[in-house]
Amino acid sequence: MRSSSWDRTGGNADWVVVAPGQTATLLDVKGAGAVTHIWFTINSPDPMHLKNLVLRAWWDDESAPSIEVPIGDFFGLGLGEYFVYQSELLVVAPIKALNAYFQMPFATAARFSLENQGPAAGEKPLLRHRLRGASGSAGGLGRFHAQYRQAAPCKGIVSDGKKPERQGQLCISRSRGKDISSV
């Protein structure tokens, strides 16, 4: 399975333009498989495009997205600025190449989209993307989830009086799985 931005005319215009307020579908496949690599480069005059472009993904025709996060936060750029780094699962390479190597299995369908929530005044990011994956059974594998939540300032949670006040919850989970990052 492979999905990529490419020039349907055979030329070199291999990008997707996502206008303000618009959403582009990046991948929409039926059947079982797993997304194993996501690659983006983004050319945008919006200085906040890492926060204003929201990546979403749905597995197996679910109604709510399993991934819903600003694209910069998804790739570990939580401050909305590029910096070069490399880890086992995420790479931000020179020239702003964003790579993710999470295993994202699905049993019946997968859909990815990107929404531009940026300002309306002429902001049109040029997006190059590639999604690669493997076809086949997702078996009993869990599903990948990434969500963005922000509270500023974070309000404390009052407990039953036996425990001190705390600043907030990082994760609430009711199933098996692994937490690889909570910031």
Side-chain angles (χ1 to χ4, degrees), residues 1-9 13-44 46 48-78 89-92 96-118 123-150 171-182:
M1 164 191 46
R2 185 176 202 151
S3 174
S4 179
S5 56
W6 59 284
D7 187 348
R8 272 65 174 165
T9 68
D14 62 341
W15 58 80
V16 175
V17 176
V18 186
Q22 299 296 309
T23 300
T25 298
L26 307 176
L27 175 72
D28 193 355
V29 296
K30 300 291 182 196
V35 174
T36 59
H37 178 216
I38 301 174
W39 169 77
F40 285 97
T41 60
I42 303 166
N43 178 19
S44 174
D46 178 3
M48 294 300 296
H49 69 269
L50 290 174
K51 291 292 190 182
N52 290 334
L53 296 173
V54 178
L55 181 66
R56 292 186 181 90
W58 296 260
W59 315 122
D60 306 323
D61 296 317
E62 61 193 352
S63 59
S66 285
I67 298 172
E68 187 170 27
V69 61
I71 199 161
D73 292 86
F74 184 84
F75 287 98
L77 303 174
L89 298 172
L90 294 169
V91 176
V92 178
K96 303 178 180 178
L98 307 172
N99 291 272
Y101 297 95
F102 299 109
Q103 298 294 313
M104 297 178 257
F106 52 93
T108 60
R111 181 166 51 105
F112 275 79
S113 73
L114 189 74
E115 179 186 3
N116 182 356
Q117 295 181 350
E123 305 298 329
K124 293 185 179 183
L126 301 176
L127 166 70
R128 289 181 174 89
H129 74 281
R130 183 183 319 139
L131 295 156
R132 280 194 289 189
S135 300
S137 173
L141 298 174
R143 299 298 178 260
F144 183 89
H145 295 272
Q147 295 290 315
Y148 179 81
R149 302 285 185 265
Q150 181 175 337
C171 179
I172 300 171
S173 178
R174 292 178 182 85
S175 63
R176 295 178 300 132
K178 296 183 172 147
D179 178 21
I180 60 169
S181 178
S182 294

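- Remark: Thr36 OG1 to Gln103 CD distance equals 6.0 Å, nearest 0.5 Å.
- Gly118 and Pro20 get closest at one heavy-atom pair: O-CB, 3.9 Å.
- Nearest heavy atoms, Gly76 versus Leu90: N-CD1, 4.2 Å.
- Aromatic ring orientation, Tyr101 versus His37: parallel (interplanar angle below 30°, classes split at 30° and 60°).
- Heavy-atom minimum distance, Pro65 versus Trp58: N-NE1, 3.2 Å.
- Taking the side chain as every heavy atom from C-beta outward, Leu114 and Thr23 never approach each other to under 4.5 Å.
- Of the inter-residue distances, the one linking Asn99 atom CG with Ile38 atom CD1 reads 10.0 Å to the nearest 0.5 angstrom.
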(message) Quick one, Leu50 with Ile71, criterion side-chain contact (heavy atoms from CB on, under 4.5 Å). Give me CA distance, side-chain angles, the key distance, then yes/no.
(response) CA-CA 6 Å; Leu50 290 174; Ile71 199 161; 4.2 Å; yes
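- Here OG of Ser44 is found 8.0 Å from CG of Asn52. Values are rounded to the nearest 0.5 Å.
- Taking all atoms of both residues into account, the shortest heavy-atom contact from Phe106 to Val35 is CE2-N, 4.0 Å.
- Distance check: Glu115 CD to Glu68 CD gives 8.5 Å after rounding to the nearest 0.5 Å.
- Shown here for His49 and Asp46, the closest heavy-atom pair between the two residues is ND1-O, 2.9 Å.
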(message) Between Thr41 and Lys96, is the side-chain contact (heavy atoms from CB on, under 4.5 Å) condition met? List the steps.
(response) CA-CA 6 Å; Thr41 60; Lys96 303 178 180 178; 5.9 Å; no
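- Classification of the Phe102-Phe74 ring pair by plane angle, with boundaries at 30° and 60°, yields perpendicular.
- Expressed to the nearest 0.5 Å, how far CH2 of Trp59 lies from OG1 of Thr108 amounts to 11.5 Å.
- Classification of Asp73 and Lys51 as a salt-bridged pair holds, one side-chain N sitting under 4.0 Å from a carboxylate O.
- Atom-to-atom distance recorded for Leu55:CG and Leu98:CG is 10.5 Å, nearest 0.5 angstrom.
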